[in-house]
*Asks:* 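Sharing a structure with you now.
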Amino acid sequence: MGLLLMCVLSATIPILMHLFSDYVDLSQPSDIGLNHTINIYLKPEEGVRVGVWHTVPEHRWKEAQGQNLEWYEKALGDGSPIFIYLHGNGGNRSAPHRIGIANVLSAVGYHVLALDYRGFGDSTGEPTESGLSTDALYLYNWVKARSGNSLVCVWGHSLGSGVTTNTAVKLLEEGKQFDGIILEGAFLTGEVAPNQLFEHAFSWFYWKFPYIQFFLFNPLKNNIVVFPTNKNLQKIRTPIMILHAEDDHLVPFASAQEIYRIAKKAQNSDERVKLVPFDGSLGYLHNGLYKDPGLPNIIREFLQSLKA
């Protein structure tokens with residue numbers, strides 16, 4: 001019964017998150033207290049518009065009051081490290097644990113650009129594995145065109161970890177790379193059979209439409225999800241830090257250990273690949289690492305290692 005309940009919850013929570021998040025005006029982050037954040041809409045390809053929140057370092061919050069997009073874009077070149085935040089499945093960039101990570105990074109002194117992939121939040125288009133990577137790649141190039149010599153890193157949580165490694169491989173193919181990668185609550189692979197409705201990463205998207213349409217046409221049948229992080233890690237040579245709660249109820253801690261093993265072997269280095277576990281007694285589960293008082297120093301140390 002316990003296993004059945006967990007399966008039902010894992011299927012319904014993303015759907016509920018999407019329903020409740022519809023009440024947030026994502027174009028106005030200041031409405032929920034984000035007073036040094038601006039909303040941006042980008043067009044990674046024809047017919048697709050994605051929403052992004054750009055939060056500047058906390059020490060610039062007074063300057064940021066009342067500023068426009070031009071000011072925020074210019075601020076990306078101020079020399080502060082920049083994080084592209086790729087969130088997990090369900091909900092949007094306004095979820096409390098996602099704002100929590102953005103606040104931590106901002107407090108440490110970094111820019112944060114939190115992306116809602118196509119189909120998520122107020123972003124248009126249909127979510128697909130390739131589409132999510134296209135959105136992340138476009139955001140990276142948009143940031144790099146404005147960031148000068150600033151470090152540009154990526155933080156991928158849960159589903160976002162798969163998007164992160166897919167995007168990192170695409171960048172390698174273009175002769176580029178992130179300066180650093182943080183994977184939180186990461187999984188090895190997201191591959192599922194196309195007829196598994198409740199296990200498919202994007203099933204929530206189609207449940208927003210009339211159910212009869214879903215069951216008649218089954219739009220997931222050609223939308224196979226792979227996110228082969230295990231294979232991608234064998235190609236990536238960017239410094240990686242893996243953060244994982246030992247009591248993660250959605251992605252077992254063993255996944256983090258295997259990711260660490262694969263990445264460490266691929267890079268043949270103890271210095272470029274780090275695993276940071278969080279004791280299960282802390283109760284962080286899958287989304288709560290932002291609460292850890294030691295997280296800011298962990299992040300600082302990782303960024304310092306990138307500059308060494």
*Asks:* Is there a path of hydrophobic side-chain contacts, each under 4.5 Å between heavy atoms of I, L, V, M, F, W or Y residues, that connects Leu115 with Leu69?
*Replies:* yes

*Asks:* Quick one: does Ser106's side chain have a donor or acceptor within less than 3.5 Å of a partner on Ala102's backbone?
*Replies:* no

*Asks:* For Glu174, does the CD atom sit with more than 12 other heavy atoms under 6.0 Å from it, leaving out its own atoms?
*Replies:* yes

*Asks:* Taking Met241 as the starting point, is it possible to reach Leu295 by hopping between hydrophobic residues whose side chains are less than 4.5 Å apart?
*Replies:* yes

*Asks:* I'd like to know if the side chain of Arg98 reaches the main chain of Asn92, judged simply by a donor and an acceptor atom lying under 3.5 Å from each other, with no hydrogens or angles considered.
*Replies:* yes

*Asks:* Asp248: what forms a salt bridge (Lys or Arg N to Asp or Glu O under 4.0 Å) with it, not counting sequence neighbours?
*Replies:* none

*Asks:* Taking the side chain as every heavy atom from C-beta outward, state whether Glu246 and Leu282 have any atom pair closer than 4.5 Å.
*Replies:* no

*Asks:* What heavy-atom pair brings Asp247 and Gly280 nearest, and what distance separates the two atoms?
*Replies:* OD2-O, 3.3 Å

*Asks:* Can you find a pair of side-chain heavy atoms, one from Ile101 and one from Glu184, that are under 4.5 Å apart?
*Replies:* yes

*Asks:* Let me see the working for His244 and Val251 under side chain to side chain contact (heavy atoms under 4.5 Å, CB included), right down to the final yes or no.
*Replies:* CA-CA 9 Å; His244 213 105; Val251 182; 3.7 Å; yes

*Asks:* Please walk me through it: do Thr229 and Thr165 pass side-chain hydrogen bond (donor to acceptor under 3.5 Å, both in side chains)?
*Replies:* CA-CA 6 Å; Thr229 292; Thr165 63; 3.1 Å; yes

*Asks:* One pair to check against ring pair (Phe, Tyr, Trp, His ring centres under 6.0 Å): His111 and Tyr72. What are the steps and the verdict?
*Replies:* CA-CA 10 Å; His111 292 272; Tyr72 274 83; 8.6 Å; no

*Asks:* Nearest 0.5 angstrom please: Leu113 CG to Ile84 CD1, how far?
*Replies:* 6.5 Å

*Asks:* Tell me whether His87 contacts the main-chain N or O of Ser94 through its side chain, where contact means a donor paired with an acceptor under 3.5 Å.
*Replies:* no

*Asks:* If the condition is salt bridge (Lys or Arg N to Asp or Glu O under 4.0 Å), which residues does Asp116 pass it with, not counting sequence neighbours?
*Replies:* Arg93

*Asks:* Counting only heavy atoms not in Asn68 (residues, nucleotides, ligands), do more than 12 fall under 6.0 Å from its CG?
*Replies:* yes

*Asks:* May I ask whether Val108 and Ile82 are part of the same hydrophobic cluster, defined by side-chain heavy atoms of I, L, V, M, F, W, Y residues being less than 4.5 angstrom apart, directly or through others?
*Replies:* no

*Asks:* Treating Thr189 as the side-chain partner and Val226 as the backbone partner, does any N or O pair qualify as donor plus acceptor under 3.5 Å?
*Replies:* yes

*Asks:* Kindly indicate whether the side chain of Leu275, heavy atoms from C-beta on, has any atom under 4.5 Å from the side chain of Ile259.
*Replies:* no

*Asks:* Less than 4.5 Å apart, any side-chain heavy atom of Leu139 and any of Asp135?
*Replies:* no

*Asks:* Got a second to check how far Trp53's CH2 is from Thr37's OG1, nearest 0.5 Å?
*Replies:* 7.5 Å

*Asks:* Indicate the atoms forming the closest heavy-atom contact of Pro296 with Pro293, along with that distance.
*Replies:* CD-O, 3.4 Å

*Asks:* Picking from Glu126, Glu129, Glu45, what satisfies salt bridge (charged side-chain N to carboxylate O under 4.0 Å, His left out) with Arg118?
*Replies:* Glu45

*Asks:* Begin with the C-alpha distance, continue with both residues' side-chain angles, and end with the deciding distance and a verdict on side chain to side chain contact (heavy atoms under 4.5 Å, CB included) for Leu76 and Trp142.
*Replies:* CA-CA 11 Å; Leu76 285 171; Trp142 186 90; 3.8 Å; yes

*Asks:* Under the ring-ring contact (aromatic ring centres under 6.0 Å, His included) rule, what pairs show up with a residue in residues 272-294, not counting sequence neighbours?
*Replies:* His157-His286

*Asks:* If you look only at pairs with a residue in residues 299-308, which of them pass as a side-chain hydrogen bond (donor to acceptor under 3.5 Å, both in side chains), with sequence neighbours excluded?
*Replies:* Asn297-Arg300

*Asks:* So, does Ser269 use its side chain to make a donor-acceptor pair with the main chain of Glu271 at under 3.5 Å?
*Replies:* yes

*Asks:* What are the two closest heavy atoms between Pro81 and Leu303, and how far apart are they?
*Replies:* CB-CD1, 3.9 Å

*Asks:* Roughly how far, to the nearest 0.5 Å, is the CZ atom of Phe178 from the CG atom of Leu172?
*Replies:* 10.0 Å

*Asks:* Side-chain heavy atoms nearer than 4.5 Å, only ILVMFWY residues, links allowed to pass through others: does that put Leu137 and Leu183 together?
*Replies:* yes

*Asks:* Give the minimum heavy-atom separation between Ala64 and Val56, together with the two atoms involved.
*Replies:* CB-CG2, 4.1 Å

*Asks:* Check whether any side-chain N or O of Ser123 sits under 3.5 Å from a backbone N or O of Gly51 as a donor-acceptor pair, and report yes or no.
*Replies:* yes

*Asks:* Would you mind reporting whether Trp155 and Leu243 have side-chain heavy atoms less than 4.5 Å apart?
*Replies:* yes

*Asks:* Return yes if some donor-acceptor pair links the side-chain N/O of Ser255 with the main-chain N/O of Ala186 below 3.5 Å, else return no.
*Replies:* yes

*Asks:* Do the non-hydrogen side-chain atoms of Thr124 and Tyr41 ever get within less than 4.5 Å of each other?
*Replies:* no

*Asks:* Are Ile182 and Leu188 grouped together when hydrophobic residues (ILVMFWY) are joined by side-chain heavy atoms under 4.5 angstrom apart?
*Replies:* no

*Asks:* From Ile236 CD1 over to Ile181 CD1, what is the distance, rounded to the nearest 0.5 angstrom?
*Replies:* 4.5 Å

*Asks:* Minimum heavy-atom separation for Ala136 to Thr167, with atom names?
*Replies:* CB-OG1, 3.5 Å

*Asks:* Do the ring planes of Tyr117 and Phe120 sit parallel (below 30°), tilted (30 to 60°) or perpendicular (above 60°)?
*Replies:* perpendicular

*Asks:* Find out whether Gln267 and Ile240 are in side-chain contact, i.e. whether some heavy atom of one side chain is under 4.5 Å from a heavy atom of the other.
*Replies:* yes

*Asks:* Evaluate the criterion salt bridge (charged side-chain N to carboxylate O under 4.0 Å, His left out) for residue pair Arg261 and Glu258; output intermediate values, then yes/no.
*Replies:* CA-CA 5 Å; Arg261 185 193 68 79; Glu258 182 63 8; 2.7 Å; yes

*Asks:* Can you find a heavy atom in the side chain of Tyr140 that is under 4.5 Å from one in the side chain of Gln177?
*Replies:* no

*Asks:* Working to the nearest 0.5 Å, report the span between SG of Cys153 and CG of Leu306.
*Replies:* 5.0 Å

*Asks:* Is there a donor-acceptor pair closer than 3.5 Å between any side-chain N or O of Asp270 and the backbone N or O of Val273?
*Replies:* no

*Asks:* Tell me every residue that passes salt bridge (Lys or Arg N to Asp or Glu O under 4.0 Å) with Arg49, counting only those two or more places apart in sequence or in another chain.
*Replies:* none

*Asks:* Name every donor-acceptor pair, under 3.5 Å, that has one atom in a side chain of residues 28-35 and the other anywhere in the protein, sequence neighbours excluded.
*Replies:*
none

*Asks:* Report the distance from atom CZ of Phe187 to atom OG of Ser161, rounding to the nearest 0.5 Å.
*Replies:* 4.5 Å

*Asks:* Which pair of heavy atoms, one from Gly88 and one from Ser158, lies closest together, and at what distance?
*Replies:* CA-CB, 4.0 Å

*Asks:* Salt bridge or not between Arg60 and Glu63? Use side-chain N to carboxylate O under 4.0 Å.
*Replies:* yes

